[in-house]
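Contents: one structure, followed by commentary.
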Amino acid sequence: MIIVFGRRAYGRVNAHGGEHAHTRFAHVYYLPIVPSGSFWVTQQLGDSVRGFEIRASGKSIAAAYLRMWAPLVAIGALVSASVAGTIVAVVLAAASAWAWSWRDVRGASAMRASDFRLLAFGTRCDPALMTRALRDDMKRALDARWSKLDTQRPPDEVAEHGANSSAEAVAAYGLLALAALDATDATARAKAAAAAQRLVDGAHDDVGAADGPYRAAAAATPALVFDEIASAADGMSAAKANVAQRAEPTRRRMSPIMKGAGFAAVAVVALSLSAFSLSAMREPPSVTFADVDGTHFSGTLVALHCDSIENIGELSNGKAMSACVMGDHIVPVLGTVDNVDAPVVGRLRLLSSQDATYMWPEDVVSSPRVSARYLRVESLAFERGLGIVSMLVLVGLFGLIVRTIVRRVRRAKHPE
């Protein structure tokens with residue numbers, strides 16, 4: 001038996017402008033088991049990445065487990081076919097979908113804060129994830145920038161009454177964001193965090209010249225500051241993306257026709273498996289001997305309540321064969337029956353001595369006591385799992401299609 005194991009990156013979160021956080025995990029069969037450390041990626045260069053170690057990201061770790069393990073546990077819960085199992089499956093499926101929404105930075109305020117961080121720290125990483133040594137380096141660099149600005153106001157004054165320039169807003173934000181983490185007093189930390197957020201929101205109080213000579217200069221409008229910061233951040237991200245594109249080896253891309261054909265093939269297979277396994281999602285109907293000989297239940301999952309089950313040997317291909325006794329009649333059963341006291345679940349097939357797959361003995365086929373169809377034993381749990389996996393594949397394909405459409409719309413609106 002081959003065991004696949006190693007270390008891989010999972011739990012990509014907070015992606016924006018070519019940067020994101022992920023966590024390295026020890027994995028078994030590509031399922032994350034134990035996290036070994038979180039990492040902030042600042043640049044993707046082909047198959048390698050550049051960045052720096054960060055504190056363990058609970059969001060990234062939770063995302064990895066919810067994205068990879070929650071669907072599997074949900075499938076197992078659904079297979080139980082109980083009300084509690086169904087509730088657990090729905091909750092886990094919703095949690096997994098929610099975890100996928102963490103992949104990218106969302107919302108205008110969050111993206112603006114990411115731009116502020118990029119210009120203040122040189123990276124979009126939240127300083128709360130940085131190590132103390134890295135934050136100290138950032139603080140020294142920002143202090144130097146603040147001195148060069150030659151502003152007469154402290155950072156909290158800039159946040160309260162507005163920045164005179166984007167450079168002042170960025171430097172003040174960086175110093176306040178670090179103070180919100182490093183201040184010893186809880187009140188001071190909360191005040192600094194609120195002030196940093198005010199800069200991101202552009203929520204300042206207007207003051208006049210009479211309020212003091214160092215406040216005499218009118219603050220720049222938040223819209224102008226935001227536009228300058230967004231433009232500068234986009235320029236930095238685009239420059240990094242160009243470097244990464246030059247470093248990445250040329251790869252032969254699949255044509256849209258080939259991609260579409262591949263999606264269509266996978267969708268057809270998934271739809272077929274979902275339709276085939278749909279009957280397994282509910283309890284199989286109990287059938288009588290008259291139902292067995294009819295055509296209504298042919299090919300669908302049914303349950304036979306046998307008076308007794310007798311093992312009558314095996315076919316030439318080695319498949320076990322049993323006799324389900326129902327009154328004076330017999331229904332041949334193909335496959336292993338694990339519990340003779342429980343209903344036998346399977347699909348009804350036409351009984352024939354000319355069957356190319358299963359060569360039934362002529363005396364069995366021609367006996368008046370034997371039904372015209374046999375039951376092929378099926379695993380209800382396996383079929384339910386197969387149906388759920390097929391539906392998850394369909395949902396995934398639908399998500400990929402929507403994602404492709406959204407990306408093309410965005411590129412059409414904002415061509416690079």
Side-chain angles (χ1 to χ4, degrees), residues 13-21 40 57-59 98 101-130 135 138-139 141-143 145-146 149 151-183 185-209 211-212 214-237 410 413-414:
V13 294
N14 298 337
H16 184 52
E19 300 189 22
H20 65 269
W40 185 266
S57 170
K59 186 177 182 180
W98 183 41
S101 71
W102 305 343
R103 183 179 175 89
D104 299 313
V105 173
R106 298 177 182 275
S109 179
M111 288 190 283
R112 194 158 53 240
S114 178
D115 291 342
F116 268 83
R117 289 194 292 268
L118 178 61
L119 298 184
F121 309 125
T123 173
R124 296 180 183 276
C125 180
D126 188 332
L129 293 173
M130 299 177 185
R135 290 208 304 268
M138 298 289 184
K139 177 68 164 57
L142 282 169
D143 283 338
R145 286 169 62 179
W146 189 259
L149 289 174
T151 180
Q152 298 179 355
R153 301 182 297 169
D156 57 340
E157 284 281 352
V158 173
E160 184 177 358
H161 300 297
N164 295 329
S165 67
S166 59
E168 188 180 56
V170 165
Y173 169 83
L175 290 170
L176 289 168
L178 293 176
L181 296 169
D182 298 332
D185 180 69
T187 303
R189 289 197 298 270
K191 183 179 179 181
Q197 188 60 44
R198 289 192 73 178
L199 284 166
V200 173
D201 296 336
H204 64 265
D205 301 327
D206 293 328
V207 296
D211 291 314
Y214 66 95
R215 296 178 184 171
T221 61
L224 178 62
V225 171
F226 292 162
D227 286 344
E228 291 179 355
I229 290 174
S231 178
D234 288 344
M236 290 181 64
S237 296
R410 286 178 178 174
K413 290 182 177 179
H414 307 285

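Only this structure's heavy atoms are used, side chains among them; waters, hydrogens and symmetry mates stay out.
- Proximity of Leu181 to Met130: side-chain heavy atoms (C-beta onward) are nowhere separated by under 4.5 Å.
- The 12-atom threshold is exceeded at NZ of Lys59, counting heavy atoms of other residues, nucleotides or ligands nearer than 6.0 Å.
- Counting only heavy atoms from C-beta outward, the side chains of Leu175 and Lys139 approach each other to under 4.5 Å.
- The nearest pair of heavy atoms linking Leu176 to Asp156 is CD2-N, 4.1 Å.
- Across all their heavy atoms, Ala177 and Ala196 have their closest contact at N-CB, 4.1 Å.
- Panel note: side chain Ser101, backbone Trp98; a donor-acceptor pair is recorded below 3.5 Å.
- In this structure, Arg189 contributes its side chain and Ala183 its backbone to a donor-acceptor pair below 3.5 Å.
- For Arg135 (side chain) and Leu178 (main-chain N/O), no donor-acceptor pair under 3.5 Å exists by modelled atom type.
- Between Glu228 and Ser165, every side-chain heavy-atom pair lies at or beyond the 4.5 Å cut-off.
- Under the side chain to side chain donor-acceptor pair (under 3.5 Å) criterion, Asp227 pairs with no residue at all, not counting sequence neighbours.
- Atom CZ in Arg153 sits 8.0 Å away from atom NE2 in His161 (nearest 0.5 Å).
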- Would Tyr173 and Ile229 satisfy side-chain contact (heavy atoms from CB on, under 4.5 Å), going step by step from the backbone distance to the final call? CA-CA 12 Å; Tyr173 169 83; Ile229 290 174; over 6 Å; no

Below 3.5 Å, can you tabulate the donor-acceptor pairs from side chains in residues 114-125 to any protein atom, sequence neighbours excluded?
{"residue": "Ser114", "atom": "OG", "partner": "Arg124", "partner atom": "NH1", "Å": "2.9"}
{"residue": "Asp115", "atom": "OD1", "partner": "Arg124", "partner atom": "NH1", "Å": "2.7"}
{"residue": "Asp115", "atom": "OD1", "partner": "Arg124", "partner atom": "NH2", "Å": "3.4"}
{"residue": "Arg117", "atom": "NE", "partner": "Arg124", "partner atom": "O", "Å": "2.9"}
{"residue": "Thr123", "atom": "OG1", "partner": "Glu19", "partner atom": "OE1", "Å": "2.9"}
{"residue": "Thr123", "atom": "OG1", "partner": "Trp40", "partner atom": "NE1", "Å": "3.2"}
{"residue": "Thr123", "atom": "OG1", "partner": "Cys125", "partner atom": "N", "Å": "3.2"}
{"residue": "Arg124", "atom": "NE", "partner": "His16", "partner atom": "O", "Å": "3.4"}
{"residue": "Arg124", "atom": "NH2", "partner": "Ser237", "partner atom": "OG", "Å": "2.8"}

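- With hydrogens and angles disregarded, no donor-acceptor distance shorter than 3.5 Å links the side chain of Arg112 to the backbone of Phe226.
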